[in-house]
Every structure is written in structure tokens, then in C-alpha cells.
Amino acid sequence: MNNMTHIPGTPYLPAPLALPLSLVPGTTYSQVMVKVLNKLFVPELADGELDFLEGKVMRVDVIDARLHFSITLRDGVLAAASANQPHDLSIEGSIYDFLLLATRREDADTLFFNRRLRLGGDTELGLYVKNFLDALELDGRIGPFLKMMDGVTTLIGRIPSLPKPRLPFPRLGRRN
């Protein structure tokens, strides 16, 4: 997958805010994300709805925030994948576009079709992830947090004219 092409008018996290995030190793983000996601997805994990990730590695790159994380499923729980482990699926985009997806302001199909979120690797695995996210109902579990994310999305959406950060990630290789 290539580095994301900037789409005119797409808001990006300002570079000064991204710098501190880039100082934290990706493995730390992966460990934090799996703790959060394991708590968030307790019912889905118990029902086996994430079994499609068993033995697979999904890498997420938030290019303007200069962070990435890799996760997999082991023994029915999400686990951080090691930094040097090849990924089966990669998804990259700006923090704004991931927030649009999380707050349901935009659907995944629109974001992928408009190349605001980019997918690489196993497209069948990507389809499973997309369908899982589409079916997910989180309002009852994290309603106040979703409202906060909605506010952050609005805030980032209002600052598209600030300097764009340099994209820190090299070209991501495809896994055969």
C-alpha cells in the first residue's frame, strides 16, 4: 500500500499535536488498544464474532497522528502483534477519517470508495472487519465517549488549513 494521497480539504491533525504521539512506540499503542478493545468487545468476543482475526494480524496506521498499532486474536482475546510480525491486513487513514467512521458520520464504504481510508493485504479479511464494524452497536456502552469523539471530530474538521504533518510511515509492503 502506498502512503495516503492528501485529498484537498481533508482535515489533518496539526503537526505540533502529532509530534508527541510519534514519540511513543507502536508496540505501546498496540498493547493499549488491545486492552481497550478487549473490554469494549466483551460480548462480541464471547460470541466468537471476532474469530475471523484468529491467527491474522491487522495493522492500523493513523498517518497524521503518527501512530500505528497491530492486533491479532489469540485464544479468543485480542492481543498485540509484535512490531516485526507481517500483517495480513492494513488500514490507513487520517485521524479525522477514523473518527468519522467511529462516530458514524460516514460509513466505511464511502470512506474506502473515496480513498480516504486505504486497505491493503487480505481484502476478504478487510470485508470481515468492515462488516463487523457496520453491525456494531456501541451507543449503549460508550455513549458519553462517542459524544466526546464527535466533538473532537468537529474540532479537527474546522482546522483543515493548518500545515499538514510529514507522513512518517514508509511504504507498507503487501503480504503475499
Side-chain angles (χ1 to χ4, degrees), residues 1-4 13 18 20-104 106-113 115-142 145-146 149 167-176:
M1 176 162 44
N2 297 328
N3 278 337
M4 185 174 208
L13 188 67
L21 297 173
S22 69
L23 301 176
V24 178
T27 53
T28 302
Y29 286 118
S30 298
Q31 292 167 352
V32 169
M33 286 303 297
V34 296
K35 286 183 181 188
V36 170
L37 294 175
N38 277 319
K39 288 182 189 251
L40 183 63
F41 298 149
V42 166
E44 291 80 10
L45 287 164
D47 291 343
E49 292 179 37
L50 287 160
D51 286 355
F52 60 84
L53 275 177
E54 183 73 42
K56 305 283 186 180
V57 175
M58 180 176 72
R59 178 181 165 119
V60 177
D61 290 304
V62 186
I63 57 171
D64 56 338
R66 300 181 184 182
L67 64 91
H68 62 275
F69 59 91
S70 297
I71 60 174
T72 188
L73 186 75
R74 287 190 205 113
D75 301 321
V77 295
L78 293 168
S82 68
N84 59 357
Q85 190 172 354
H87 57 272
D88 298 282
L89 174 69
S90 60
I91 303 171
E92 71 175 24
S94 71
I95 195 165
Y96 181 73
D97 291 321
F98 282 114
L99 284 168
L100 287 174
L101 182 64
T103 59
R104 307 228 181 205
E106 288 284 349
D107 64 272
D109 290 332
T110 300
L111 292 168
F112 284 113
F113 180 76
R115 295 185 169 248
R116 299 204 32 193
L117 292 179
R118 305 265 311 248
L119 182 73
D122 185 341
T123 53
E124 183 178 0
L125 181 59
L127 188 58
Y128 280 118
V129 170
K130 182 196 110 28
N131 289 339
F132 171 77
L133 293 173
D134 284 346
L136 200 56
E137 292 295 330
L138 295 177
D139 291 345
R141 287 186 244 175
I142 60 168
F145 185 67
L146 281 173
M149 287 191 326
L167 301 180
F169 300 112
R171 291 178 178 245
L172 300 174
R174 292 186 188 264
R175 185 167 188 254
N176 295 331

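Computed over heavy atoms, backbone and side chain alike; hydrogens, waters and symmetry mates excluded.
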>> What verdict does the side-chain contact (heavy atoms from CB on, under 4.5 Å) test give for L111 and F98, after you've listed the backbone C-alpha separation in whole Å, the side-chain angles of each residue and the deciding distance to 0.1 Å?
In response: CA-CA 9 Å; L111 292 168; F98 282 114; over 6 Å; no
> Do D64 and V62 pass the side-chain contact (heavy atoms from CB on, under 4.5 Å) test, and can you show the C-alpha distance, the side-chain angles, and the key distance before you say yes or no?
Replying inline: CA-CA 6 Å; D64 56 338; V62 186; 3.8 Å; yes
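Residue L100 holds its CG atom at 10.5 Å from CG of D107, rounded to the nearest 0.5 Å. To the nearest 0.5 Å, the span separating CD1 on I91 from CG on D97 amounts to 12.5 Å. Put simply, CG on L127 and CZ on F52 are 10.0 Å apart, with the number rounded to the nearest 0.5 Å. One distance of note links CD1 of I95 with CE of M149; it measures 10.0 Å at 0.5 Å rounding.
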Only distances under 3.5 Å count here; give the side-chain donor-acceptor pairs of residues 69-83 to other protein atoms, sequence neighbours excluded, each with its distance to 0.1 Å.
from	atom 1	to	atom 2	distance (Å)
T72	OG1	K56	O	2.4
S82	OG	N84	OD1	2.9
S82	OG	Q85	N	3.4

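Considering every non-hydrogen atom in both L125 and D122, the closest pair reads N-OD1, 3.0 Å. Considering all non-hydrogen atoms of both residues, G55 and D88 come closest at O-OD2, 4.2 Å. Considering all non-hydrogen atoms of both residues, E44 and F132 come closest at CG-CE1, 3.7 Å. A pairwise comparison of heavy atoms in R104 and L133 identifies NH2-O, 3.0 Å as the closest pair.
Among residues two or more places apart in sequence or in another chain, the side-chain hydrogen bond (donor to acceptor under 3.5 Å, both in side chains) test is passed with D134 by K130.
For the pair Y96 and R116, the minimum side-chain heavy-atom distance is below 4.5 Å.
The backbone N or O of E49 sits nowhere less than 3.5 Å from a side-chain atom of D47 that would complete a donor-acceptor pair.
Counting non-hydrogen atoms of other residues, nucleotides and ligands closer than 6.0 Å to OH of Y128 gives a total of 12 or fewer.
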